[in-house]
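As the structure lists them, so they are numbered: ligands from 1, and atoms in each ligand from 1. Keep in mind that the numbers below use all heavy atoms, side chains included, and drop hydrogens, waters and symmetry copies. Numbers here are sequence positions counted from 1.
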Amino acid sequence: MKKSTLFVLLAVVALALVAWVGCTTKEAVEAPAAEETTSGLNVVAAKWAGSAHADAASEAFNHWNEDDPQEVPPTCAKCHSSTGFQDYIGADGSETGKVDAAGKIVDSINCATCHNDAADKLDAAKLPNGTELSALGQNAICSTCHSGMGSSKDVADKVAGLAEDDVIADQGIMGVHYLAAASTQAGADGGMGFQYEGKTYAGTFKHAEPVNSCTECHDPHSLHTQEVPGSDANLCSTCHSDVKSYQDYKKISMSKVDYDGDGTAESTYDEIEGVRAVLIKALAGYSTAKSGATFGFNPAAYPYAFIDTNADGTLSEEESAFPNQFKAFTPRMLKAAYNLMFVTKDPAAYIHNADYALQLMYDSIESLSEFSGVSTQGLVRP
Ligand code: HEC
Ligand code: HEC
Ligand code: HEC
Ligand code: HEC
Ligand code: HEC
Ligand SMILES: [Ca+2]
Ligand SMILES: [Ca+2]
Ligand SMILES: [Ca+2]
């Protein structure tokens, strides 16, 4: 049993003790140790209660409420139900690495999800493409849920043997699901992006000590950025002097490279956004030439890829309607669009692994360039 588990157990006992003392006597009772532990626990509990993990009203924990039976299917339960996660890691005594039973609905992520013997022992996380990330320590907990669903391997399987520029009938966009931070951070070590042959890709993002792992940067309870130990200053500010709060992350500029070729070296976030816009333009140009319909992208509306019917480069609300979804992908386009999804669905890719995100997009633009009318000229590949 790890120290943290022991501490949680002690703290729970202490909490019960204080409650019992409060109920049974009005006399002053000296229990400083218990009170100290309890207040520490209260801080942790309050942080957790305000987090997205605790948000029992979130779509992520209520998506299956109308289903019959009312349960989270095994393929989804690992990440969308506390019981499902415990089943996956074997905390309920069932086989490890597999969800055996459907999960409960409205079963958000709580203390018991992450604090149990099986979670303590967890050291590796399996990505949807089968790659295992090892020696993760407690970050294996986070990485098990933040690795995504679907992968570039699924894309490769789908297009195997097909002509690169022939439309695949009724083929919608393929992606990696949501918030797959572990897959972004691992870069080529995870291989979750669609990596083009003959190119080399950045591996796990080696940022700096002590900001290399999930829990070094994220408080595991509030999920917010950690503070500098013994202070309430934002951890990032110790090295990035322009950072005071989370509003400033998008202004961080380290490399001073004009990746998107717009003539100025902006922040990492803005450069990635710039290249992303070029990739969307390339997909639109390519699809107009090869699919007979113009591709448009709206990350806020499912299923994200729609036909830009008037080809004005933007998607209106009407164009973003489900029946207008873009379903004329060729293999070449499916790969590039997967990379667009990969980078878009981790809104913090600019922090988790900027180089990997930029490389995937550059190579996608290059692959489409033969027919898209959009070249890589001026762009920089890190
Ligand atoms: C590897 C973990 C994982 C698996 C497996 C998984 N999801 Fe998710 N899913 C997530 C995460 C993380 C989010 C992000 C939640 C958010 O941002 O609201 C999410 C979000 C969602 C959302 C909410 C989207 C929104 O608009 O808020 C739905 C719906 C969803 N998933 C459906 C599914 C379904 C259906 C399955 C099974 C076929 C599934 N998920 C499997 C991790 C997973
Ligand atoms: C998403 C996973 C997760 C959830 C949910 C979670 N914890 Fe933790 N908790 C952790 C991790 C990881 C650590 C280790 C932190 C470290 O060592 O830096 C930790 C550490 C702790 C500690 C040690 C003190 C500290 O702040 O580091 C206590 C006490 C604790 N958790 C209690 C709780 C309680 C009580 C809940 C529910 C209200 C809870 N945890 C929910 C992951 C989680
Ligand atoms: C059992 C699966 C699971 C585990 C374990 C897990 N997460 Fe999550 N995480 C989710 C889901 C699902 C959401 C989306 C919740 C929602 O929409 O309310 C989420 C949301 C988040 C968010 C987004 C918060 C926001 O406000 O948008 C962050 C950051 C995060 N998790 C980090 C972590 C870290 C760090 C760990 C490990 C200490 C971790 N998660 C462990 C499933 C998990
Ligand atoms: C260098 C510090 C750092 C590391 C390491 C890190 N993160 Fe993050 N992460 C952040 C910051 C900062 C944000 C918020 C970015 C923003 O608001 O634009 C974030 C955002 C997220 C989000 C929410 C995405 C969003 O913007 O809505 C999730 C989920 C997440 N991280 C999970 C993880 C997981 C899991 C790991 C480990 C595999 C990890 N992070 C590693 C700093 C880090
Ligand atoms: C201990 C020092 C240190 C801390 C703390 C730190 N960083 Fe960094 N950061 C660096 C260094 C050094 C680089 C350049 C790394 C490289 O490009 O290899 C960098 C690069 C970056 C980049 C640009 C990535 C790229 O490849 O261009 C972003 C974005 C970033 N940091 C965000 C953050 C955020 C957000 C936090 C707080 C959660 C943070 N950093 C905390 C030292 C730090
Ligand atoms: Ca199991
Ligand atoms: Ca620029
Ligand atoms: Ca339009």
Side-chain angles (χ1 to χ4, degrees), residues 2-12 14-15 37-38 40-49 51-54 82 85 108-116 119-120 122 125 133 136-148 178-186 190 202 204-229 233-243 245-257 259 267-269 271-272 345-358 382:
K2 263 205 225 154
K3 224 170 70 193
S4 62
T5 311
L6 188 67
F7 184 54
V8 175
L9 290 179
L10 281 177
V12 170
L15 195 66
T37 320
T38 311
L41 189 70
N42 285 341
V43 170
V44 168
K47 279 185 184 172
W48 167 81
S51 79
H53 285 167
S82 177
F85 182 78
S108 53
I109 298 155
N110 59 55
C111 319
T113 316
C114 303
H115 292 289
N116 56 64
D120 272 356
L122 212 61
L133 303 177
L136 297 176
Q138 65 198 14
N139 302 294
I141 298 175
C142 320
S143 303
T144 295
C145 289
H146 290 286
S147 48
Y178 296 93
L179 307 187
S183 297
T184 324
Q185 202 203 17
T204 305
F205 181 41
K206 303 253 180 340
H207 192 164
E209 283 299 335
V211 285
N212 284 320
S213 75
C214 318
T215 54
E216 281 176 321
C217 286
H218 292 275
D219 180 306
H221 302 116
S222 71
L223 307 178
H224 293 314
T225 307
Q226 295 275 16
E227 288 163 355
V228 176
N234 184 296
L235 178 62
C236 321
S237 65
T238 48
C239 301
H240 301 290
S241 53
D242 40 349
V243 170
S245 78
Y246 74 92
Q247 278 130 333
D248 301 324
Y249 301 151
K250 293 181 174 152
K251 297 181 202 152
I252 294 174
S253 168
M254 290 300 286
S255 52
K256 314 263 188 259
V257 175
Y259 292 110
S267 68
T268 302
Y269 176 82
E271 291 295 340
I272 287 185
K345 289 290 169 179
D346 179 358
Y350 73 106
I351 297 168
H352 294 145
N353 200 337
D355 283 359
Y356 191 59
L358 287 164

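- Contact atoms of ligand 2 toward C111: 34 (C), 35 (C), 36 (C), 37 (C), 38 (C), 39 (C), 41 (C) (distance under 4.0 Å to a heavy atom of the residue).
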Distances only, to 0.1 Å: what are the N or O pairs between ligand 5 and the protein that fall under 3.5 Å?
residue: ligand 5; atom: 7 (N); partner: H207; partner atom: NE2; Å: 2.9
residue: ligand 5; atom: 7 (N); partner: H240; partner atom: NE2; Å: 2.8
residue: ligand 5; atom: 9 (N); partner: H207; partner atom: NE2; Å: 2.7
residue: ligand 5; atom: 9 (N); partner: H240; partner atom: NE2; Å: 2.9
residue: ligand 5; atom: 27 (O); partner: T268; partner atom: OG1; Å: 3.2
residue: ligand 5; atom: 31 (N); partner: H207; partner atom: NE2; Å: 2.8
residue: ligand 5; atom: 31 (N); partner: H240; partner atom: NE2; Å: 2.9
residue: ligand 5; atom: 40 (N); partner: H207; partner atom: NE2; Å: 3.0
residue: ligand 5; atom: 40 (N); partner: H240; partner atom: NE2; Å: 2.8

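- Panel note: side chain S143, backbone A140; no donor-acceptor pair is recorded below 3.5 Å.
- Against a heavy-atom cut-off of under 4.0 Å, A182 is close to the following atoms of ligand 4: 38 (C).
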**Message:** If you apply the rule side chain to side chain donor-acceptor pair (under 3.5 Å), what do you find for T184 with N353, and how did you get there?
**Reply:** CA-CA 6 Å; T184 324; N353 200 337; over 6 Å; no
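- Atom NZ of K250 and atom CD1 of I272 lie 11.5 Å apart (nearest 0.5 Å).
- The line from OG of S267 to CG of D248 is 11.0 Å long, rounded to the nearest 0.5 Å.
- Counting only heavy atoms from C-beta outward, the side chains of Y246 and T225 never approach each other to under 4.5 Å.
- For ligand 4, the atoms lying closer than 4.0 Å to a non-hydrogen atom of S213 are 5 (C).
- Every atom of ligand 2 is numbered from 1 in the order shown, and the set under 4.0 Å from a heavy atom of N110 is 5 (C).
- The closest side-chain heavy-atom distance from I109 to F85 is not below 4.5 Å.
- Looking at H221, its N, O or S atom nearest to atom 8 (Fe) of ligand 2 turns out to be NE2.
- Listed for the S183 side chain is a donor-acceptor partner under 3.5 Å among the backbone atoms of S147.
- Shown here are the side-chain contact (heavy atoms from CB on, under 4.5 Å) partners of V44, two or more places apart in sequence or in another chain: H221.
- Rounding to the nearest 0.5 angstrom, the gap separating the CD atom in Q138 from the CG atom in L122 is 11.0 Å.
- Listed by number with element, the atoms of ligand 4 under 4.0 Å from a non-hydrogen atom of A181 are 30 (C), 32 (C), 33 (C), 34 (C), 35 (C), 40 (N).
- Within ligand 2, the atoms closer than 4.0 Å to a non-hydrogen atom of H53 are 1 (C), numbered from 1 in the order shown.
- In this structure, H146 and L179 approach most closely via the heavy-atom pair ND1-O, 3.0 Å.
- Of all the atoms in ligand 2, the ones that sit under 4.0 Å from a non-hydrogen atom of V44 are 26 (O), 30 (C), 32 (C), 33 (C), 34 (C), 40 (N).
- Close approach to L41 involves these atoms of ligand 2, each under 4.0 Å from a residue heavy atom: 35 (C).
- Atom numbering of ligand 2 starts at 1 in the shown order; those under 4.0 Å from a heavy atom of C114 are 1 (C), 2 (C), 3 (C), 4 (C), 5 (C), 42 (C), 43 (C).
- The shell of residues lying under 4.0 angstrom from ligand 2, judged by heavy atoms, excludes T113.
- The atom name of the N/O/S atom in H115 closest to atom 8 (Fe) of ligand 2 is NE2.
- Under a 3.5 Å cut-off, the side chain of D355 and the backbone N or O of P382 do not form any donor-acceptor pair.
- No donor-acceptor distance shorter than 3.5 angstrom exists from the side chain of E227 to the backbone of A233, with no hydrogens or angles considered.
- Taking every non-hydrogen atom of L179 and a distance limit under 4.0 Å, the qualifying atoms of ligand 4 come out as 24 (C), 29 (C).
- In this structure, the side chain of N212 does not engage the main chain of K206 through any donor-acceptor pair within 3.5 Å.
- Less than 4.0 angstrom separates some heavy atom of Q185 from each of these atoms of ligand 4: 5 (C), 37 (C), 38 (C).
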